[in-house]
Amino acid sequence: MDPQQELFSYLLVALKEKYPDIGIYDSFLPPEGTPYPFIYLADSHQTDDRNKTTAFGNVFQTIHVWHNSPRQRGTVSGILLGIKTLCYKLQSTKNFGWNIQNMDQRILADTTTKQPLLHGVLELEFKFN
């Protein structure tokens, strides 16, 4: 399996286990009317390091968290912390070893809908081998 897909699949399953009461979405944003908060596994990309004998490189994964109450910043921050903790603990999947390299976290006001939202963004960089 491609490292990018293996990491994505791992995160999807792990997040569903960690947050059984929160909607976890991938491939597309959920439909209107979806309960908040929810988590969305967004874009990912992979860079491979050149090597003749083994596969290694980096996978970058973006994860979003949305809440429909801007007063629930602590809830969004707590979910982001839970996701980061899950990522810190990841050491290996079936085919690859993993090491988290960088995490960038933002919490933003989102006014793209009629109702103001709170939007958390995690940009993660994992090294694989």
Side-chain angles (χ1 to χ4, degrees):
M1 183 182 288
D2 185 293
Q4 177 181 295
Q5 183 60 45
E6 191 162 316
L7 177 65
F8 187 90
S9 296
Y10 169 83
L11 290 171
L12 182 62
V13 169
L15 288 170
K16 286 182 178 184
E17 289 174 2
K18 184 170 184 70
Y19 296 105
D21 299 331
I22 296 177
I24 312 294
Y25 300 91
D26 67 302
S27 303
F28 57 89
L29 284 169
E32 197 170 321
T34 296
Y36 290 89
F38 65 83
I39 298 170
Y40 172 60
L41 270 76
D43 57 304
S44 59
H45 74 272
Q46 174 180 322
T47 58
D48 294 331
D49 292 334
R50 293 177 54 122
N51 189 303
K52 294 179 183 180
T53 59
T54 188
F56 64 97
N58 294 62
V59 174
F60 302 82
Q61 177 66 54
T62 303
I63 301 175
H64 299 270
V65 176
W66 271 279
H67 201 303
N68 62 343
S69 176
R71 296 179 183 262
Q72 293 291 318
R73 190 180 197 285
T75 300
V76 172
S77 182
I79 294 169
L80 293 169
L81 176 60
I83 296 168
K84 291 189 307 186
T85 300
L86 187 141
C87 293
Y88 281 126
K89 291 180 179 179
L90 174 60
Q91 294 182 359
S92 64
T93 54
K94 182 178 179 183
N95 297 300
F96 300 98
W98 297 95
N99 186 16
I100 189 75
Q101 296 294 298
N102 293 299
M103 292 188 183
D104 181 54
Q105 175 181 317
R106 293 179 307 238
I107 297 179
L108 315 158
D110 184 339
T111 58
T112 59
T113 63
K114 291 178 186 177
Q115 179 179 9
L117 303 174
L118 203 56
H119 181 189
V121 181
L122 277 179
E123 293 178 321
L124 309 166
E125 178 185 3
F126 292 87
K127 186 128 191 106
F128 69 88
N129 60 26

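Quantities reported herein were computed from a predicted structural model and do not represent experimental measurements.
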Could you go through residues 119-129 and list every donor-acceptor pair under 3.5 Å that involves a side-chain atom there, pairing it with any protein atom two or more places apart or in another chain?
{"unit_1": "His119", "atom_1": "NE2", "unit_2": "His64", "atom_2": "ND1", "d": "2.7"}
{"unit_1": "Glu125", "atom_1": "OE1", "unit_2": "Asn102", "atom_2": "ND2", "d": "2.5"}
{"unit_1": "Glu125", "atom_1": "OE2", "unit_2": "Asn58", "atom_2": "ND2", "d": "2.7"}
{"unit_1": "Lys127", "atom_1": "NZ", "unit_2": "Asp49", "atom_2": "OD2", "d": "3.3"}
{"unit_1": "Lys127", "atom_1": "NZ", "unit_2": "Asn58", "atom_2": "OD1", "d": "3.3"}

Spell out, yes or no, whether Trp66 and Leu118 are grouped together once hydrophobic residues are joined by side-chain heavy atoms under 4.5 Å, including indirect joins. no

Is it the case that one hydrophobic cluster holds both Phe60 and Val65, taking links as side-chain heavy atoms less than 4.5 Å apart, direct or via other members? no

Distance, nearest 0.5 Å, that separates [atom1] of [X] from [atom2] of [Y]:
X	Y	atom1	atom2	value
Leu108	Leu117	CG	CG	11.5 Å
His67	Asp110	NE2	CG	13.5 Å
Thr34	Asn68	OG1	CG	11.0 Å
Tyr25	Tyr40	OH	OH	12.5 Å
Ile39	Ile83	CD1	CD1	4.0 Å
Leu41	Ile63	CG	CD1	4.5 Å

Quick one: which residue pairs count as a side chain to side chain donor-acceptor pair (under 3.5 Å) with a foot in residues 7-19, not counting sequence neighbours?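 Sorted result for residues 7-19: Gln5-Ser9.
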
Qualifying salt bridge (Lys or Arg N to Asp or Glu O under 4.0 Å) pairs with a residue from residues 19-43, counting only residues at least two apart or across chains: none

Return the set of residues passing side chain to side chain donor-acceptor pair (under 3.5 Å) with Thr113 (not counting sequence neighbours), or none when no residue passes. none

Report all side-chain donor-acceptor pairs from residues 86-97 shorter than 3.5 Å, counting only partners two or more places apart or in another chain.
{"unit_1": "Thr93", "atom_1": "OG1", "unit_2": "Glu6", "atom_2": "OE2", "d": "2.4"}
{"unit_1": "Thr93", "atom_1": "OG1", "unit_2": "Trp98", "atom_2": "NE1", "d": "2.9"}
{"unit_1": "Asn95", "atom_1": "ND2", "unit_2": "Glu6", "atom_2": "OE1", "d": "2.8"}

Return a table of donor-acceptor pairs under 3.5 angstrom between the side chains of residues 73-80 and protein atoms on other chains or two or more places apart.
{"unit_1": "Thr75", "atom_1": "OG1", "unit_2": "Gln72", "atom_2": "OE1", "d": "2.8"}

Over all heavy atoms of both residues, which pair between Gln61 and Ala42 is shortest? Give the atoms and the distance, please.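 Reported closest heavy-atom pair: NE2-O, 3.1 Å.
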
